[in-house]
Amino acid sequence: MTQSNHDHQAKEPQRTRPNSTEAKIIEERRAKAEEMRANGQNPFANDFKVTHLASELADKFAESSAEQLDAAIASGEAQSFSIAGRLMAKRSFGKVAFGSLRDRSGDLQLSFFKPELSPELWSAMKKADLGDIVGCTGLMMRTQKGELSLKVNHFRVLTKSLRPLPDKFHGLTDTATRYRQRYVDLIVTPEARETFKMRSKALRYLRAFFDDRDYMEVETPMLQPLYGGAAAKPFETHHNALDMKLFMRIAPELNLKRLVVGGFHRVYEINRCFRNEGISTRHNPEFTSLEFYEAFATYEDLMNLTEELISGLAMHLHGKTTLAWGEHELNLSAPFRRLSVRDGLAQYAGVPTDKFYDRDALLEAAARYKIAKADKMPLGYLQMAVFEEACEADLIQPTFVTDFPLDVSPLSRRKESEPSLVDRFELYVGGQEIANAFSELNDPDDQRGRFEAQVEARASGDDEAHPMDEDFIRALEYAMPPTAGEGIGIDRLIMLMTNNTSIRDVLFFPLLRPEH
RNA sequence: GGGCUAUUAGCUCAAUCGGUAGAGCACCGGACUCUUAAUCCGUUGGUUGAAGGUUCGAGUCCUUCAUGGCCCA
């Protein structure tokens with residue numbers, strides 16, 4: 001459990017109306033809890049010893065026939081098992097009843113035979129409500145329909161549930177309630193449980209992927225006196241003791257590169273970033289990023305690594321590299337398509353490759369896409385604004401977009417063959433940006449110039465421009481080896497892997513407006 | 001920020017042209033020795049998201065607000 005400093009929610013979001021069915025049900029269930037107390041049973045007990053999981057029993061007896069199990073019970077050789085979990089269903093007859101118990105591993109049927117049970121136990125079973133946490137001890141059997149069941153001989157409500165569960169067949173469809181009361185969603189929505197299991201499995205895969213390649217996992221500050229590493233607006237906060245403004249990080253990039261300077265030549269960090277921007281099906285103010293840096297590598301090396309990572313992840317989770325994505329089917333097998341910004345503008349926006357630097361041609365395209373304030377944009381911003389508008393939504397199959405303008409890439413290494421561009425790529429899949437990578441700029445003087453250009457952009461109104469970071473330049477002056485680095489949006493990656501088109505479906509507790 | 005759309009019982013959904021707010025699940029009572037969305041019989045449960053307005057009469061029409069969803073910026 002969480003230790004100390006526990007902030008209790010100021011307001012209880014309980015909306016139970018007096019005289020409603022809900023109020024009636026809660027009252028009835030409280031009365032049952034009181035009745036348990038009167039009978040010397042704690043309705044919130046914690047003294048039940050679990051010996052097995054539902055799925056363990058299902059696996060262990062998967063091959064056992066009804067006759068074998070009956071014979072074991074008759075001979076007294078059958079083993080007794082204790083399981084505990086939430087009572088999810090109850091089907092009661094005159095002298096027989098069945099229940100469904102769900103623990104963290106899955107479901108197992110419970111069976112009750114009145115003639116073989118004490119009146120107290122039968123009555124406790126009858127009084128148990130759907131949603132109660134129950135503990136059961138019994139022997140394994142098969143019903144006449146062949147279903148494996150725990151033939152219960154001890155049964156207790158361990159924790160009384162006071163609120164009714166949603167419709168057992170339709171579950172919960174109201175998205176607002178699903179997100180606000182995720183605990184209920186997880187109880188009744190198998191797809192939600194599956195998505196979050198998949199997410200956890202994906203994170204283990206990613207850590208193993210980098211550990212296997214001799215990367216070191218590191219953690220760098222989320223509270224920073226100076227933010228940077230991306231073009232975004234930060235959250236601000238305040239440290240009382242130092243009476244100092246602090247920012248929540250928008251990216252870990254600059255600190256990770258400081259570690260490369262320090263000699264940790266392969267590092268990765270999987271952690272939260274915070275951006276003070278809008279909320280949509282693709283954006284949550286806090287999100288999880290994976291960033292990794294490898295010295296003596298180029299952005300082209302990272303393309304290969306990224307292909308390996310993503311197709312490997314799909315194989316790990318699904319055993320295949322073709323995945324459903326809404327109405328599309330993604331093919332995540334390597335190699336991924338590569339498309340330069342220049343070619344993208346030519347193919348999708350009708351800006352010929354020889355007009356790539358032609359401001360008028362770009363403005364004409366920007367007008368077609370109704371891009372606001374295009375005339376005020378520096379050339380690189382204009383190129384990217386048109387590119388994003390024209391191409392992004394169409395980049396469904398994995399595509400490395402390469403050769404970004406230098407203007408929009410203040411931390412990337414200059415392209416030697418074309419110094420107005422940088423050695424950078426973004427990976428698009430399913431019409432959204434998944435990854436951003438580049439060969440790192442390690443020339444401290446060039447870096448200072450880039451920062452200065454950003455400071456200038458900020459002065460002329462770009463509030464997402466990168467601030468000056470003198471210490472980072474000082475670090476580069478000690479020499480950072482040639483390095484390539486990449487950031488991957490984990491939430492979006494999980495969306496792809498689980499076929500969820502809203503980021504809210506891959507976050508346990510997405511940020512929402514307050515209920516009241 | 002703008003447009004469209006939704007909000008009815010704890011949950012999932014109905015309600016014709018503006019004319020008595022209903023059903024299934026859950027709950028409560030009853031029947032039932034093999035169900036698995038059990039079945040059958042009988043009950044209970046409503047400030048129709050909130051506040052105004054139009055009307056003899058509003059779940060339904062209008063305005064504002066709240067909270068979602070989709071699209072746009």
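Note on naming: letters A, B, ... go to the chains in the order of the sequence lines (proteins, then strands), and numbering restarts at 1 for each one.
The shortest distance between the side-chain N/O atoms of A:Thr173 and the OP1/OP2 oxygens of B:U12 is below 4.0 Å. The side chain of A:Arg163 contributes no N or O atom lying less than 4.0 Å from OP1 or OP2 of B:C11. Using a 4.0 Å cut-off, some side-chain N or O of A:Thr21 falls inside it from OP1 or OP2 of B:G10. The shortest distance between the side-chain N/O atoms of A:Lys32 and the OP1/OP2 oxygens of B:C28 is below 4.0 Å. Between A:Arg91 and B:C32 there is no side-chain polar atom (N or O) within less than 4.0 angstrom of OP1 or OP2.
Among the atoms of the strands shown, only primed sugar atoms or phosphate atoms (P, OP1, OP2) are found under 4.0 Å from some heavy atom of A:Thr281. Counting any heavy atom pair closer than 4.0 Å across all strands shown, A:Gln109 reaches a base atom. As judged by a 4.0 angstrom heavy-atom cut-off over every strand, A:Arg178 is placed among residues making no nucleic acid contact. Residue contacts for A:Arg180: at a heavy-atom cut-off of 4.0 Å it reaches the sugar-phosphate backbone alone, with no base atom in range.
For A:Asp167 against B:G10, no side-chain N or O and base N or O form a donor-acceptor pair under 3.5 Å.
The shortest side-chain heavy-atom distance between A:Leu382 and A:Arg359 falls under the 4.5 Å cut-off.
Distance, A:Ile371 CD1 to B:A73 P: 9 Å, rounded to whole Å. Rounding to whole angstrom units, CE of residue A:Met125 and P of B:C34 are separated by 14 Å. Taking atom CZ of residue A:Arg182 and atom C1' of nucleotide B:G68, one finds them 14 Å apart after rounding to whole Å. The distance from atom CD of A:Glu22 to atom P of B:C11 is 7 Å, rounded to the nearest whole Å. In this entry the distance linking CG of A:Leu165 with P of B:U12 reads 13 Å, nearest Å. In this structure, A:Ile279 atom CD1 and B:C70 atom P are separated by 13 Å, rounded to whole Å. As a whole-Å value, the separation of A:Leu150 CG from B:U36 C1' is 16 Å. Distance A:Arg29 CZ to B:U44 C1': 16 Å, rounded to the nearest Å.
A:Lys32 and A:Glu28 are not joined by a salt bridge, as no carboxylate oxygen comes within less than 4.0 angstrom of a charged side-chain nitrogen.
Donor-acceptor pairing under 3.5 Å is lacking for the side chains of A:Ser502 and A:Thr281. In the model, A:Ser412 has no side-chain atom that pairs as donor or acceptor with a side-chain atom of A:Arg424 under 3.5 Å. Looking only at atom types and distance, the side chain of A:Asp129 has no donor-acceptor partner in the side chain of A:Ser161 under 3.5 Å away.
Listed nucleotides B:C11, B:U36, B:C32 differ in distance to A:Leu172; the shortest reach to its side chain belongs to B:C11. Closest to the A:Ile25 side chain, of the nucleotides B:A26, B:U44, B:G69, is B:A26. Nearest nucleotide to the side chain of A:Asp129, out of B:C27, B:A73, B:G68: B:C27. Closest to the side chain of A:Leu512, from the set B:G68, B:C32, B:C34, is B:G68. Distances were taken from every side-chain heavy atom of A:Glu28 (C-beta onward) to each of B:C11, B:C27, B:U36; the shortest belongs to B:C27. Side-chain proximity of A:Phe169 to the nucleotides B:A37, B:C34, B:G68 is greatest for B:A37. Side-chain proximity of A:Leu130 to B:U33, B:U12, B:A26: nearest is B:A26.
As rounded to the nearest Å, B:C28 and B:U44 have P atoms that lie 16 Å from one another. Taking atom C1' in both B:G22 and B:G59, the straight-line distance is 12 Å, to the nearest Å. For B:A15 and B:C32, the C1' atoms lie 36 Å apart once the distance is rounded to whole Å. The gap from the C1' atom of B:A14 to that of B:A9 amounts to 13 Å, rounded to the nearest Å. To the nearest whole angstrom, the two P atoms, one in B:G45 and one in B:U64, are 37 Å apart. Between B:C56 and B:A73, the distance separating the two P atoms is 47 Å to the nearest Å. Taking the P atom of each, B:U8 and B:C71 are spaced 23 Å apart, rounded to whole Å. For B:U60 and B:U16, the P atoms lie 12 Å apart once the distance is rounded to whole Å.
Of the nucleotides present, none pairs with B:U33 by Watson-Crick or G-U wobble criteria with both distances under 3.5 Å. For B:G24, the paired base is B:C11 (Watson-Crick or G-U wobble, both distances below 3.5 Å). With a cut-off of 3.5 Å on both Watson-Crick or G-U wobble distances, the partner of B:G1 is given as B:C72. Partner assigned to B:C17 is none, using Watson-Crick or G-U wobble distances below 3.5 angstrom. Using Watson-Crick or G-U wobble geometry with both donor-acceptor distances under 3.5 Å, B:U63 finds its partner in B:A51.
For B:C28, the base adopts the anti conformation, since its glycosidic angle falls more than 90 degrees from zero.
For the pair A:Arg249 and A:Tyr227, the cation does not sit on the ring face, since its NZ or CZ is not both under 6.0 Å from the ring centre and inside 45° of the axis. Annotation: cation-pi pair A:Lys151/A:Phe113 present, NZ/CZ under 6.0 Å from the ring centroid and within 45° of its normal.
If A:Gln144 and A:Pro164 are placed on RNA chain B by their nearest nucleotide, the residue sitting closer to the 5' end is A:Pro164. If A:Ser149 and A:Lys90 are placed on RNA chain B by their nearest nucleotide, the residue sitting closer to the 5' end is A:Ser149.
Using a distance-only test at 3.5 Å, with no hydrogens or angles considered, no donor-acceptor pair links the side chain of A:Ser100 to the main chain of A:Ala89.
The distance from atom CG of A:Leu339 to atom OH of A:Tyr428, rounded to the nearest 0.5 Å, is 10.5 Å.
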